Number of protein chains: 2
Amino acid sequence: MARESDRVDTEAPRARRADARRNVEAILDAAVACLSRDPDASVVDIAAAASVGRVTLYGHFKTRAELIDAALVRTIQHADQILETTDTTGDPTEALTRLVASSWQIVDQFRNILVAAQRELPAERIRGVHDRVVRRIQSLLERGQRGGAFRTDLPKRWMVTTVISLMHAAAEDAAAGRVKVDQVPGLITATLLAAFTAPGAKVPAARPSA
Amino acid sequence: MARESDRVDTEAPRARRADARRNVEAILDAAVACLSRDPDASVVDIAAAASVGRVTLYGHFKTRAELIDAALVRTIQHADQILETTDTTGDPTEALTRLVASSWQIVDQFRNILVAAQRELPAERIRGVHDRVVRRIQSLLERGQRGGAFRTDLPKRWMVTTVISLMHAAAEDAAAGRVKVDQVPGLITATLLAAFTAPGAKVPAARPSA
DNA sequence: CATAACTCGTACAGCGGCGTACTAGTTATG
DNA sequence: CATAACTAGTACGCCGCTGTACGAGTTATG
């Protein structure tokens, strides 16, 4: 079935007026900001933060779910752009280090958006939206496996899960002040590089990325 | 300040009537069951599941939060009992294997209770309740570090976070059908044993626990 | 068996969020 | 400049959940 929110980059048959487009942007910005602070932020909060009447908001997004979906898509696209500029070629261990450094920043900033989405949107929708970024991780892992840098005795799915879950866990620990933010990427990479080493092989030393 | 729910194993000044105690048990059972299915389960749902009037429920738990707190405590105690019977002596890698096998089952069953608690209860309360079980993991890790089995270049806190987060991630993957339940403990241990190997050292082979 | 403990159902009040009508006003755009 | 697009505000109606009050019935317990 077709979703309205598929028109993310395609445009409606009739061009919308300039101020309308500006408002939609403001609403999405506000949504991202509010939901990042509080995943339970209400439509009222978001409309207020966007300096827009609540009714106006409903003019652009039929329901709260649709709004959150749009905010999620926007965030993911933003993230994907950043990851696009991250060099994932060369030595897989170093590439993983770079990828983790970039990804974690995003995860840390926007994880609450994901929380909001998980409460409002069906699970498969969320997976669908994350497809590109997951694929990015997966293909790096596969390349590392083919080159012998990463172990091949674990399912690829599980390795991806490991990467993602450690980044989220680190974000929570950082938010709770349990670890210092600037040392987080180092912790994640040091852990992942070891975790992805085959039994019997020697664990490579993690090198700082910055 | 003192909490009402501290009277978990201590008893009230006046002994309560037998049927009252039975009802409280039924309510707690129902709460655990309902919240496991849906972390947003309402008081109505829980009362119904316990075959008890909603008002009766309120007679025992002043608020929804108090009920969830009690359900959480009950679950943790139950978990702690199971972990109590798990042998964490001997070779640390094997001990970790056993501990993960036991713990994961619990996490898989009851993670939704934690979700409910996280939405209703203050974070420090949740950490407080988990204290014993976290300590259990931590002391095993420390023992492994002293014996040279586990790396010492990562903060203990982070290693504990890694253990816990992988178990939760695995539980979600299992619930989504992304991995088969019976191979999950193996995946977690294989990953953890490698992750906890020092750079330059060889990763030990994971041995099945069952 | 008498009393206190406990339970039940219904009903009510409050809250906050969601989504919609309606009217009146403003502003971009051809 | 005329029209259509857009916005604002207010005011509803709806819903579900929480917590409380009441009055009457049941049951364990000394």
Side-chain angles (χ1 to χ4, degrees), chain A residues 4-5 7 11-31 34-35 37-71 112 115-122, chain B residues 4-5 7 11-31 34-35 37-71 112 115-122:
Chain A
E4 300 86 339
S5 37
R7 55 143 172 69
E11 39 205 347
R14 273 277 159 92
R16 280 181 305 186
R17 244 172 59 177
D19 54 346
R21 259 179 291 129
R22 249 183 300 121
N23 269 337
V24 171
E25 286 303 300
I27 292 172
L28 285 177
D29 284 345
C34 289
L35 293 173
R37 257 188 289 104
D38 172 17
D40 285 323
S42 73
V43 176
V44 186
D45 300 334
I46 296 174
S51 305
V52 148
R54 195 170 63 96
V55 193
T56 301
L57 191 155
Y58 276 109
H60 294 295
F61 305 93
K62 285 200 245 304
T63 116
R64 176 190 155 84
E66 190 176 315
L67 171 58
I68 289 186
D69 189 295
N112 274 341
V115 172
Q118 279 166 339
R119 290 186 196 168
E120 195 87 29
L121 273 32
Chain B
E4 299 85 340
S5 36
R7 55 139 172 72
E11 40 205 346
R14 274 278 159 92
R16 281 181 305 186
R17 242 173 60 180
D19 55 346
R21 260 178 290 131
R22 249 184 299 121
N23 269 337
V24 171
E25 286 303 300
I27 292 172
L28 285 176
D29 284 345
C34 289
L35 294 173
R37 257 188 288 105
D38 172 18
D40 286 322
S42 73
V43 177
V44 187
D45 301 333
I46 297 175
S51 307
V52 149
R54 197 170 61 97
V55 193
T56 302
L57 191 154
Y58 276 108
H60 294 294
F61 305 92
K62 284 200 244 307
T63 115
R64 176 190 155 86
E66 190 176 314
L67 171 58
I68 289 186
D69 190 296
N112 274 340
V115 172
Q118 280 166 338
R119 291 187 195 166
E120 195 88 29
L121 273 31

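Per chain, numbering begins at 1; letters A, B, ... match sequence-line order. In this text, all values refer to a predicted model and were calculated from it rather than measured experimentally.
- Nucleotide C/dG30 has D/dC1 as its partner under the Watson-Crick or G-U criteria, with both atom distances under 3.5 Å.
- Between the side chain of A/Arg54 and the base of C/dG19, a donor-acceptor pair under 3.5 Å is found.
- Taking a cutoff of 4.0 Å between a charged side-chain nitrogen and a carboxylate oxygen, A/Arg119 and A/Asp40 qualify as a salt bridge.
- With hydrogens and angles ignored, the 3.5 Å screen pairs a side-chain donor or acceptor of B/Asp45 with a backbone N or O of B/Ser42.
- A/Ile68 has its CD1 atom 10 Å from the P atom of C/dG19, to the nearest Å.
- Phosphate proximity of C/dT7 to B/His60: present, with a side-chain N or O under 4.0 Å from OP1 or OP2.
- Judged by closest nucleotide on DNA chain D, B/Arg64 is the one of B/Arg64 and B/Arg21 placed further toward the 5' end.
- Counting heavy atoms from C-beta on, the side chains of A/Asn112 and A/Leu35 never come closer than 4.5 Å.
- If you measure from atom CG of A/Asp19 to atom P of C/dA28, you get 6 Å, rounded to the nearest angstrom.
- Tested against A/Phe61, the residues A/Ile68, A/Val43, A/Val24 include a single side-chain contact (heavy atoms from CB on, under 4.5 Å) partner, A/Val24.
- Between A/Arg17 and C/dT29, a side-chain N or O to OP1/OP2 separation shorter than 4.0 Å is absent.
- In this model, the phosphate group of C/dT7 is approached by a side-chain N or O of B/Asn23 to a distance below 4.0 Å at OP1 or OP2.
- With rounding to whole Å, B/Glu66 atom CD is found 11 Å from D/dT20 atom P.
- Atom pair B/Leu57:CG and D/dG19:P shows a separation of 10 Å (rounding to whole Å applied).
- Two residues are said to be in side-chain contact when any heavy atoms from C-beta on lie closer than 4.5 Å; A/Leu67 and A/Tyr58 fail this criterion.
- Regarding B/Tyr58, its OH atom lies at a distance of 15 Å from the C1' atom of C/dT10, rounded to whole Å.
- Straight-line distance from the CZ atom of B/Arg22 to the C1' atom of C/dA5: 13 Å, rounded to whole Å.
- The side chain of A/Val55 lies closest to D/dG9, out of D/dG9, D/dT7, D/dC17.
- Per the geometry, NZ belonging to B/Lys62 stands 12 Å off P belonging to D/dG19, to the nearest Å.
- As rounded to whole Å, 15 Å separates atom C1' of C/dC6 from atom CZ of B/Phe61.
- Residue A/Gly53 is the one, among B/Asp45 and A/Gly53, whose nearest nucleotide of DNA chain D lies closer to the 5' end (criterion: closest heavy atom).
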